[in-house]
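The residues of the chain are indexed from 1 along the displayed sequence. Side chains are part of it too, since the values below use all heavy atoms of this structure and drop only hydrogens, waters and symmetry mates.
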Amino acid sequence: MVGVIWIVALVLTTFTVAYLVYGRYLSQFVNLDDSRETPAHKYQDGQEYVPAKKSVLLGHHYSSIAGGAPVVGPITAALVWGWVPAVLWVAIGNPLMGAVHDFVSLSSSLRHEGKSIGYIIGEYVGERGKNMLLWFAFLLTILVVAVFALVIGVVLNAYPSAATASLLYITLAFVFGVWLYQLGLPFSVGTVVFVTGVFASVWVGIQYPLAIVPGDYPAGTIVLLESAAFFPELLDSANIGAWVLVILVYGAAASILPVWMLLQPRDYLSSFLLYTGVGGSLLAVIVGTFITGMGSDAIHPETGDQLSFEITTGAWYGFLGQGGPLAEMLPLMPLFPLLFLTIACGTISGFHSLVSSGTTSKQLNKETDAKLIGYGGMLAEGLLAAVALCAVTLVAIPAGAGGIGLALPNFATGGGAILTALGIPFEYAAPFMALVLASFLLTSMDTAVRLGRYMLEEIVGTPETQVEEYAANRYVNTTVIAVAAFLLLGSGRWEDLWTLFGGANQLLASLALLSATVWLANWSNSKQLISTGGPMVLMGFITVAGLSWVGLYQILGGRLLGITAEAETGLIGQLSAVAQIVIIAILLYLALSLFKIGYDNMQTVRETGDGVAADVSTDDD
């Protein structure tokens, strides 16, 4: 039998070599220079532009980019096509495409006053290109908020202990922000005190689990309300619907607060949870394989068998996934192009370009920090994907019809079983891994709301009408994002939302690479464009093909016409299917138009040598 140690060994080897070699080359290629003032110092305002320590900013960036997608995607892919193609896509695609994407998004924003990728491409191709990319990104943020809010609701419903722990660590983050920025108390002492508090909140959560409305929960769960009449049912659960409403309100509120008050301290504290969950799992695989083995209390919840570090799932289920355990649950799933949409975050993700150029670039203390935070942060997310793959190959619970119903039991149960190799009891390890997942998701969700606000404010620019003044108002635009996300959840199905999110996310990644390639082309005629242009073309082709397949085969041919699957019979379902086809058509039109505009610009620059001044450096590497 093959052990999960081979997954860990492959990923750690490729990532380490890539960071030391390719990451160093890219840092020199864009001429990172600590003598150059970063936007965080140049425009420091105590609200959005706030210089942060490297460790604090890495915590924010990693927590923001590593949401539920690098867990849901790899687990689903491993049970559809097999663990080998899933592992290869993560191990190879991440350092060559995803980490490059995140690094150049951050670096280009640094050279453009901390502005977004939409602003950057607008500098070279004009206002029309800028607005098209910003609208694309704004629509994606609504999808991100909707999908992540739903996943958080599912996690908190399945693990009420994680709900209590999440509320406690958010409260601790507020106090830590006051400790650091208002009282000026020591950072190191605060780290010890508040990180200890975060881990203590895990124990408190296990002792006092929390739910909002009545349901089937573990014994001792505190239920806040006696009736569920006021809350919508999502995925057949009023408690999930209640948590989604709470989370959306929280996300809107958190996104308008100064970054020092919640975002920076919370992400720094939660990063210790995340590092422990991911790093601890990788260490446990190594220690458990060679020294301790898996704990005797790590029992498969369905079969009752003792778990071990041997892989129990298939390496290859076929190009169409017809030999896998989900073959009868899902529509026809060709590996190309759907594998590359299913595993988005963990390999390459357009949402990361919004984080890199939206919040991270406004907090970077020194330019050279970009290598660790941009390139290294994406590699770290790839490690989370590797942990998710290890978890699913050990337990392989084919629950639900894919998506979050599949990911949660595999990640929490499999991840908890892995941690028993370090002597952690399974009854504590599984809820802890659920909290790790919730921590990723909470950070990514409210960061997405903040980024959506930035996008809309950049689209409006200087308000000239009453409508534009409302659109630029932070309280109004965050409310619009939260309400739109909730309506999207109420009218769509999970599997459709996830596929649409994955395709839009990957297509934005290609557009972010287009923005970086245009920047480099205008910087100097001698700049090579393969590092960004190659991944841009590949991901553009894959995502256009993938979204076309989803729109024509899965939604039009299935939900509307009933040819490839059972047709929708309800009015809401039919309207949802039509709306999703319209969204796909709009996204494809915007993307293809931007590719044409960007290509024309680069062709003109290379032919005439007359590019826009793109960088203050004179280095032409």
Side-chain angles (χ1 to χ4, degrees), residues 69 72-82 85-86 89 139-140 143 146-147 150 234-236 313-314 316-344 398-407 488-507 510 539-592:
V72 177
I75 286 177
T76 303
L79 292 181
V80 173
W81 298 286
W89 175 227
L139 291 174
L140 177 62
L143 285 170
V147 169
L150 180 60
L234 294 178
L235 300 182
D236 300 320
T313 58
W316 172 246
Y317 290 131
F319 184 82
L320 298 178
Q322 296 303 96
L326 301 183
E328 297 181 0
M329 302 179 186
L330 299 174
L332 195 64
M333 300 282 286
L335 181 142
F336 181 88
L338 296 188
L339 168 68
F340 309 98
L341 270 64
T342 302
I343 303 181
I404 187 57
L406 175 71
L488 192 59
L489 288 176
S491 61
R493 300 187 304 179
W494 163 260
E495 54 269 31
D496 298 324
L497 287 172
W498 180 258
T499 309
L500 183 56
F501 158 73
N505 189 35
Q506 298 295 67
L507 194 52
S510 184
M539 293 311 302
F541 177 72
I542 288 172
T543 50
V544 168
L547 283 174
S548 299
W549 173 274
V550 171
L552 296 175
Y553 176 86
Q554 189 169 315
I555 300 178
L556 179 62
R559 294 180 63 190
L560 289 178
L561 301 180
I563 299 173
T564 60
E566 185 177 350
E568 290 281 358
T569 57
L571 178 61
I572 293 179
Q574 292 173 345
L575 291 176
S576 172
V578 171
Q580 288 169 24
I581 289 178
V582 171
I583 291 174
I584 289 173
I586 292 173
L587 293 177
L588 290 176
Y589 166 75
L590 291 173
L592 293 174

Handout entry: Heavy-atom pair of closest approach, residues Leu79 and Pro325
Key = O-CD, 3.3 Å
Problem - Closest heavy-atom pair and its distance - Phe340, Ile542 - result: CB-CG2, 3.6 Å
Practice task
Taking all non-hydrogen atoms of both residues into account, name the closest pair between Asn505 and Ala344 and its distance.
Solution key: ND2-CB, 3.7 Å
Handout entry: Rounded distance [0.5 Å steps], CH2 in Trp89 versus CG in Leu335
Key = 11.0 Å
Exercise for the section: Taking the side chain as every heavy atom from C-beta outward, state whether Val80 and Thr342 have any pair of such atoms under 4.5 Å apart. Expected result: no
Problem - For Leu556, all residues meeting side-chain contact (heavy atoms from CB on, under 4.5 Å), sequence neighbours excluded - result: Leu552, Leu560, Leu561, Ile581
Fill in the blank from the handout: Closest non-hydrogen contact found for Gly546 with Leu338 is O-CD2, 4.5 Å
Exercise for the section: Please indicate whether Phe319 has more than 12 foreign heavy atoms, meaning atoms of other residues, nucleotides or ligands, lying under 6.0 Å from its CZ. Expected result: yes
Handout entry: Pairwise distance OG1(Thr76) to CG(Leu339) - rounded to 0.5 angstrom
Key = 11.0 Å
Practice task
Assess whether side-chain contact (heavy atoms from CB on, under 4.5 Å) is satisfied between Leu500 and Ile555, documenting all intermediate values.
Solution key: CA-CA 11 Å; Leu500 183 56; Ile555 300 178; over 6 Å; no
Exercise for the section: Can you sort out the partners of Tyr317 under ring pair (Phe, Tyr, Trp, His ring centres under 6.0 Å), two or more places apart, ordered by chain and number? Expected result: none
Practice task
Kindly write out the residues that satisfy side-chain contact (heavy atoms from CB on, under 4.5 Å) with Leu590, not counting sequence neighbours, or none if the list is empty.
Solution key: Met132, Phe136, Ile586
Completion exercise
Between the CD atom in Gln580 and the CG atom in Leu587, the distance rounded to the nearest 0.5 Å is 11.5 Å
Handout entry: Close side-chain approach of Leu139 to Ile583, heavy-atom, < 4.5 Å
Key = no
Handout entry: Partners meeting ring pair (Phe, Tyr, Trp, His ring centres under 6.0 Å) with Tyr553 (sequence neighbours left out)
Key = Trp549
Problem - OH (Tyr589) with more than 12 external heavy atoms under 6.0 Å - result: no
Exercise for the section: Side-chain contact test, heavy atoms from C-beta onward, threshold under 4.5 Å: evaluate it for Thr564 versus Leu332 and give yes or no. Expected result: no
Exercise for the section: Could you pull out all residues at least two apart from Trp81 that satisfy ring pair (Phe, Tyr, Trp, His ring centres under 6.0 Å)? Expected result: none
Practice task
Would you name the heavy atoms of Leu320 and Pro334 that are closest together and state the gap between them?
Solution key: CD2-CA, 3.7 Å
Problem - Which atom of Ala545 lies closest to which atom of Pro337, heavy atoms considered - result: C-CG, 3.9 Å
